[in-house]
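Right, one structure below, let's go through it.
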2 protein chains.
Amino acid sequence: MPAPTPAPGETKARRRAGRPMAAVLGQDGITAAALELVIKKGYDGLTMAALARSLGVAPSALYNHVSSKDDVLKLVEEDLMSKVDFGGFSTLPWEDAVRQWAYSYRGIFARHTPLISVIAVLPVTDAPQTLAMYEAVTEGFLRAGFPEQQIIPCIVALEAYIFGAAFDANAPADIFDSGKLADSTPHFTSAVRSLGPERNNYPSDLAFSMGLDALIAGLGALRD
Amino acid sequence: MPAPTPAPGETKARRRAGRPMAAVLGQDGITAAALELVIKKGYDGLTMAALARSLGVAPSALYNHVSSKDDVLKLVEEDLMSKVDFGGFSTLPWEDAVRQWAYSYRGIFARHTPLISVIAVLPVTDAPQTLAMYEAVTEGFLRAGFPEQQIIPCIVALEAYIFGAAFDANAPADIFDSGKLADSTPHFTSAVRSLGPERNNYPSDLAFSMGLDALIAGLGALRD
DNA sequence: ACCAATAAATGAATGCCGTTCATTTATCCC
DNA sequence: GGGATAAATGAACGGCATTCATTTATTGGT
């Protein structure tokens, strides 16, 4: 990973002389195929072998366009980032723009949680879509009157919440079933039951909305 | 995974007649060895083979005590949960108790992010330590005057934030380096630079503190 | 028209992984 | 001491990401 990745966008370098065999597919094709594969079979089904097969190519051929499987995940991530809706930051009041952005962001990555561990730690350098999103969000915060130094921490806090909530959205409905230990956790068990007549309904969406409102209110107070 | 797991705590069942060979190590020993291995070599080093070797046993022997590697991860998770400090909920004002709990929780799991994808989706049934924590937190919320139905969503929201922040805490200092694309993201780049004279210092701790305060303030307003 | 250079594609091989299974080994009750 | 029980073993399996020497196709320069 600290290896000399050929800087996503080109594979090695273009020198001077003769041209190669026509590439079966470049990084765009690999990205599209990987995404399709993930949608159809999930992240367990995303193997280099399966990816190659869906492109009609031998697995080893992929390594002419991509330096590792992690590279493929980065490509998919960038593609997903371009689908996050941050348009509200140029048209809506700050609160509504944040809400719209956060819902879109969470909605997309809730179905791609295996990418979160990669994203959260991945430098944005040379990730144009991700950078475009950050630029738009930053502009929205500036326009709303946030001091410049507060903006990045605010975005980081919101993103942390969004990523965590994306995991949460995949929890099974019975995640809080205390089972045979219910007797030793009376208050918790009662609180869970109080959520509704149907037991075991997990309040992921309600919780997301509540926490997001709290964050928006709390962070919004930092404006000049 | 939906397989008939022998219900963590016993491996199969105890019948009537003769006793077995003395078990080299039970689940407690496996848990301890796994945790030690993770601390020393990281989660990449936690393989069934390495785990067995550190216990002086053949890999296949582990499967007499544990039904899969995922099972091992669950055991480690429970162990870590028991180390989360929720003591403040019986002694401190609600705000301070939440803060103490959140910092402890994040601090522990920041070094165990590979577990988060497991935890966030894992039923608490038969996870005594986890349940003990939830019970204490719930009691704290009740004592602070929260309506019963709000408590679980509040906890879920806080946990989402904590998990996301745990990922964040592992981000490299240069994660926001916009590199050669800096020109096309002027506001964002400027906001990043405004964080300090030393460029590339990632504000994970500051962001966590800010977001946590916002959440505490916003959720705290839900009390009766 | 050919040749040298270039890169893409191949197929075989590597090493690691989690997991299974028939078998052996040790322990205890009766 | 015999029979039941479960733990431990070692060999095997299939799948995985990745490497590498080799072949194939394409091109620009002469």
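Residue numbering restarts at 1 for every chain, and letters A, B, ... go by the order of the sequence lines.
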I need the A:Phe89 CZ to A:Thr138 OG1 distance, nearest 0.5 Å. 9.0 Å
Residues [X] and [Y] bridged, charged N to O under 4.0 Å:
{"X": "A:Asp168", "Y": "A:Arg106", "result": "no"}
{"X": "A:Lys83", "Y": "A:Asp79", "result": "yes"}
{"X": "B:Glu78", "Y": "B:Lys74", "result": "no"}

Please list, for nucleotides 17-19 of chain C, all pairs of protein and nucleotide N/O atoms separated by less than 3.5 Å.
from	atom 1	to	atom 2	distance (Å)
C:dG18	OP1	B:Met48	N	3.4
C:dG18	OP1	B:Lys69	NZ	3.0
C:dG18	OP2	B:Met48	N	2.9
C:dT19	OP2	B:Tyr63	OH	2.7
C:dT19	OP2	B:Lys69	N	2.8
C:dT19	O5'	B:Tyr63	OH	3.3

Run the ring-centre check on A:Phe163 versus B:Phe167 and record whether the distance is less than 6.0 Å. no
What is the distance, to the nearest angstrom, from the [atom1] atom on [X] to the [atom2] atom on [N]?
{"X": "B:Leu62", "N": "D:dG10", "atom1": "CG", "atom2": "C1'", "value": "14 Å"}
{"X": "B:Lys41", "N": "C:dC16", "atom1": "NZ", "atom2": "P", "value": "14 Å"}
{"X": "A:Gln27", "N": "C:dA7", "atom1": "CD", "atom2": "P", "value": "15 Å"}
{"X": "A:Arg53", "N": "C:dA9", "atom1": "CZ", "atom2": "P", "value": "18 Å"}

Could one point to a donor on the side chain of A:Asn64 or the base of C:dA7 with an acceptor on the other under 3.5 Å away? no
Report yes if a side-chain nitrogen or oxygen of A:His65 is closer than 4.0 Å to either non-bridging phosphate oxygen (OP1 or OP2) of C:dA9; otherwise report no. yes
More than 12 heavy atoms of other residues, nucleotides or ligands under 6.0 Å from CZ of A:Arg111: yes or no? no
